[in-house]
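In what follows, every heavy atom counts, from backbone to side chain, and hydrogens, waters and symmetry copies are set aside. Proteins come first, then strands; the chains are lettered A, B, ... in the order of their sequence lines, and each starts at number 1.
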Number of protein chains: 2
Amino acid sequence: MKNSDAMSLTAALLGATGSLVQDIQTGVVAHGFDDIRPTHGFVFTRLAPDGATVTDIAAHLGFTRQAASQIVDELERKGYVERRPHPDDARSRLILLTERGWRCTRAAEASAAEAVRPWVEMVGERRLLALRDELVRLAPAGPIRPSW
Amino acid sequence: MKNSDAMSLTAALLGATGSLVQDIQTGVVAHGFDDIRPTHGFVFTRLAPDGATVTDIAAHLGFTRQAASQIVDELERKGYVERRPHPDDARSRLILLTERGWRCTRAAEASAAEAVRPWVEMVGERRLLALRDELVRLAPAGPIRPSW
DNA sequence: CACAGTGGGCAAGCTGCTTGAGTATGTAAG
DNA sequence: CTTACATACTCAAGCAGCTTGCCCACTGTG
């Protein structure tokens, strides 16, 4: 593969990903959740359905635990999550989505579906799911770094 | 398409893109260019081959012109780019890659090729180029936002 | 030759993450 | 049971990187 092809593939991935994230963000805001950013949404995906600890969230975002803790502070203050004592470890805390957090998560999912609709119309659902599976195989499970 | 499919597609795109960007960054650092970030690389891709103005760069990154100007300051100070008077407009300045800037760009391209090599081995070059073209069709030419 | 529009940059401010330090709890060895 | 070390979390301070507000220089239009 030519070097320039590798670069254009990178650019294409960046463009598509950024566009999709931006569309979802716009949709979430349109649903009335205008006090959060995409990063917070990445937290929600980690929290659903069974909750997680601050350390889990930090690993998921590729941040320090302190940063993750601050983000949880903010989400707690805004009513999206709540800290509970962890059932198995008194050092830890289990962070759970509140009802508001769940509503926001569902709004994000609906916005995502809306955002990919033109994609479905262009290449078809079957092809899109294949693309997803292919991407997962190519880059299995790293942290979701929301910034570079 | 189910809402959850849209979300998992988003997650897959984020994961693959982040992984690739991170691998390229690692490669660039390994080539000795350890004083720059992926954002600077996105600037380089816009500057090659004919240069660009600060306004062009700002649009490409989705930043303000002031932020783009600061980034150019830094790259100039580090010897990657230089500001020239613009041949057609005395208000503007044409920003060009220096020899060092070109070397870094080539290092980034080589690193990108290296980073996608396992992908080529997994799904084949033909398939990867098709994926690129598909992504470009799905999300044509927005700004490359390096953070959310 | 006014005047609105555009390209660029200085300075200050703020957001969001990191680094550093400290407390509470868990785990394991003697 | 005690000592020692590791883990989970958080408070506080620091700082990088982007924005907001302002300004000047040049363009092009009537």
Side-chain angles (χ1 to χ4, degrees), chain A residues 18 21-22 25 29 34-44 46-47 50-78 80-96 143-148, chain B residues 18 21-22 25 29 34-44 46-47 50-78 80-96 143-148:
Chain A
V21 169
Q22 190 55 52
Q25 172 69 11
V29 169
D34 60 347
D35 54 352
I36 51 172
R37 302 174 283 125
T39 297
H40 300 131
F42 304 153
V43 173
F44 293 170
R46 184 64 188 77
L47 255 32
D50 298 323
T53 67
V54 164
T55 300
D56 292 334
I57 295 171
H60 184 240
L61 294 179
F63 288 169
T64 60
R65 281 178 312 229
Q66 293 90 323
S69 187
Q70 287 174 10
I71 290 173
V72 170
D73 280 346
E74 183 184 350
L75 289 175
E76 195 174 31
R77 187 165 42 77
K78 291 178 176 170
Y80 290 99
V81 307
E82 58 182 357
R83 285 180 165 100
R84 296 273 190 89
H86 197 290
D88 301 333
D89 189 337
R91 292 170 303 179
S92 190
R93 300 202 193 184
L94 189 60
I95 300 155
L96 295 170
I144 305 287
R145 294 213 117 269
S147 69
W148 302 301
Chain B
V21 169
Q22 190 55 52
Q25 173 68 10
V29 168
D34 59 348
D35 55 353
I36 52 171
R37 301 175 283 124
T39 297
H40 300 131
F42 304 153
V43 173
F44 293 170
R46 184 65 187 77
L47 290 179
D50 298 323
T53 66
V54 164
T55 299
D56 293 334
I57 295 171
H60 184 240
L61 295 179
F63 287 169
T64 61
R65 284 187 310 255
Q66 291 89 328
S69 187
Q70 288 173 10
I71 290 173
V72 170
D73 280 346
E74 183 185 350
L75 289 175
E76 194 174 32
R77 187 164 42 78
K78 291 178 177 171
Y80 291 99
V81 307
E82 59 183 356
R83 285 182 165 100
R84 295 273 190 89
H86 198 289
D88 301 333
D89 188 335
R91 291 170 303 181
S92 189
R93 300 204 192 183
L94 190 60
I95 300 156
L96 295 169
I144 305 287
R145 295 212 117 267
S147 69
W148 302 299

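Note: A/R46 CZ to A/I95 CD1 = 10.5 Å, rounded to the nearest 0.5 Å. Here the CG-CD distance, from B/D35 to B/E74, works out to 8.0 Å after rounding to the nearest 0.5 Å. Note that CG of B/D73 and NZ of B/K78 are 11.5 Å apart. Values are rounded to the nearest 0.5 Å. Note: B/R93 CZ to B/S69 OG = 8.0 Å, rounded to the nearest 0.5 Å.
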Close N or O pairs between protein and nucleotides 25-30 of chain D (under 3.5 Å):
| from | atom 1 | to | atom 2 | distance (Å) |
| --- | --- | --- | --- | --- |
| D/dT27 | OP1 | B/A90 | N | 3.3 |

Could I get a table of every N or O pair under 3.5 Å where one atom is in the protein and the other is in nucleotides 15-22 of chain D?
| from | atom 1 | to | atom 2 | distance (Å) |
| --- | --- | --- | --- | --- |
| D/dG17 | OP1 | B/R37 | NE | 2.9 |
| D/dT19 | OP2 | B/T64 | N | 3.0 |
| D/dT19 | OP2 | B/T64 | OG1 | 3.0 |
| D/dT19 | O4 | B/Q70 | NE2 | 3.0 |
| D/dG21 | O6 | B/Q66 | NE2 | 2.7 |

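Distances shown here put every side-chain N or O of A/S69 at or beyond 4.0 Å from the OP1 or OP2 atom of D/dC9.
Contacts between chain A and DNA chain C, taken as any atom within less than 4.0 angstrom of a protein heavy atom, begin and end at C/dG16 to C/dG26.
Computed from coordinates, the A/R93 CZ to D/dT10 C1' distance equals 8 Å when rounded to whole Å.
Between B/I71 and B/H40, the closest side-chain pair of non-hydrogen atoms falls below 4.5 Å. Between B/L94 and B/D50, the closest side-chain pair of non-hydrogen atoms is not below 4.5 Å.
Applying the side-chain hydrogen bond (donor to acceptor under 3.5 Å, both in side chains) rule to B/Q70 yields no partners; only residues at least two apart in sequence or on another chain are considered.
Annotation for A/Q25 and A/R37: closest pair OE1-C, 3.7 Å, computed over non-hydrogen atoms. Across all their heavy atoms, A/L96 and A/G51 have their closest contact at CD2-CA, 3.6 Å.
For the helix from C/dC1-D/dG30 to C/dG30-D/dC1, the axis fitted to the five pairs at one end and the axis fitted to the five pairs at the other end meet at an angle of 30° (nearest 10 degrees).
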**Request:** Evaluate the side-chain contact (heavy atoms from CB on, under 4.5 Å) criterion for residues B/V43 and B/Y80: first the C-alpha distance (whole Å), next the side-chain angles of each, then the deciding distance (0.1 Å), finally the verdict.
**Result:** CA-CA 11 Å; B/V43 173; B/Y80 291 99; over 6 Å; no
Would you be so kind as to tabulate the donor-acceptor pairs closer than 3.5 Å made by side chains of residues 56-66 of chain B, with sequence neighbours excluded?
| from | atom 1 | to | atom 2 | distance (Å) |
| --- | --- | --- | --- | --- |
| B/D56 | OD2 | B/T53 | N | 3.1 |
| B/D56 | OD2 | B/T53 | OG1 | 3.1 |
| B/H60 | ND1 | B/F42 | O | 3.3 |
| B/T64 | OG1 | B/A67 | N | 3.2 |

